[in-house]
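Notes follow once the structure below has been shown.
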Amino acid sequence: MEKQPFSIRNRIKSFGYAFEGLQQFFKSEHNARVHLVAAIIAILLGIYLHISKLEWLILILTIAIVLMAEMFNTCIELIADHITKERHPHIKLIKDIAAGGVLITAIAAFIIGCIIFLPKL
Ligand SMILES: Nc1ncnc2c1ncn2[C@@H]1O[C@H](COP(=O)(O)OP(=O)(O)OP(=O)(O)O)[C@@H](O)[C@H]1O
């Protein structure tokens with residue numbers, strides 16, 4: 001692969017593309033909005049209940065991991081649908097495993113939320 005010289009302009013452009021991706025994700029994916037609302041509620045609760053610095057670190061990491069898993073899951077679905085719209089057991093397996101990955105992060109986030117917030121309520 002040919003290496004291009006380092007360019008700040010290109011790095012800024014790449015950031016722009018990444019923000020476009022974020023915008024598209026929240027605009028077009030219903031699950032993305034559900035996760036976003038859950039994240040906003042968790043942040044507001046964190047402010048209201050004065051959680052500790054360590055709890056903030058864990059909360060921010062948890063929110064990032066759930067959103068990242070949902071974004072990768074969306075990418076896998078888009079790639080699969082781009083390859084074929086036909087029903088195929090392999091596509092089902094791929095999509096269901098990717099969705100399972102999101103579910104694991106969501107369950108972990110729920111448990112972490114309970115551990116952080118329940119004792120303070
Ligand atoms: N091309 C395909 N071939 C086989 N199975 C598929 C295909 N596309 C989706 N599926 C499977 O059909 C089921 C429903 O998928 P679908 O994407 O419609 O639901 P969903 O995950 O609830 O979607 P969304 O959250 O985007 O509304 C899942 O088990 C999925 O893996």
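Start at 1 and go down the list; that is how both ligands and their atoms are numbered.
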| said: Using side chain to side chain contact (heavy atoms under 4.5 Å, CB included), reason through Trp56 and Ile43 one step at a time and then give a plain yes or no. | reply: CA-CA 9 Å; Trp56 271 118; Ile43 289 168; 4.2 Å; yes
| field | Residues in side chain to side chain contact (heavy atoms under 4.5 Å, CB included) contact with Lys13, at least two apart in sequence or another chain | value | Asn10, Tyr17
| request: Not counting sequence neighbours, list each pair that qualifies as a ring-ring contact (aromatic ring centres under 6.0 Å, His included) and has a residue in residues 30-54. | output: none
| said: Quick check on Phe26: does its CZ atom have over 12 non-hydrogen neighbours (other residues, nucleotides or ligands) under 6.0 Å away? | reply: yes
| remark: By chain and number, the residues contacting ligand 1 below 4.0 angstrom (heavy atoms only) are Asn31, Glu86, Arg87, His88, Ile91, Lys92, Lys95, Asp96
| note | Taken in chain and number order and not counting sequence neighbours, the residues that satisfy side chain to side chain contact (heavy atoms under 4.5 Å, CB included) with Ile97 are Leu93
| Taking all atoms of both residues into account, what is the closest heavy-atom pair of Thr105 and Val66, and its distance? | O-CG2, 3.6 Å
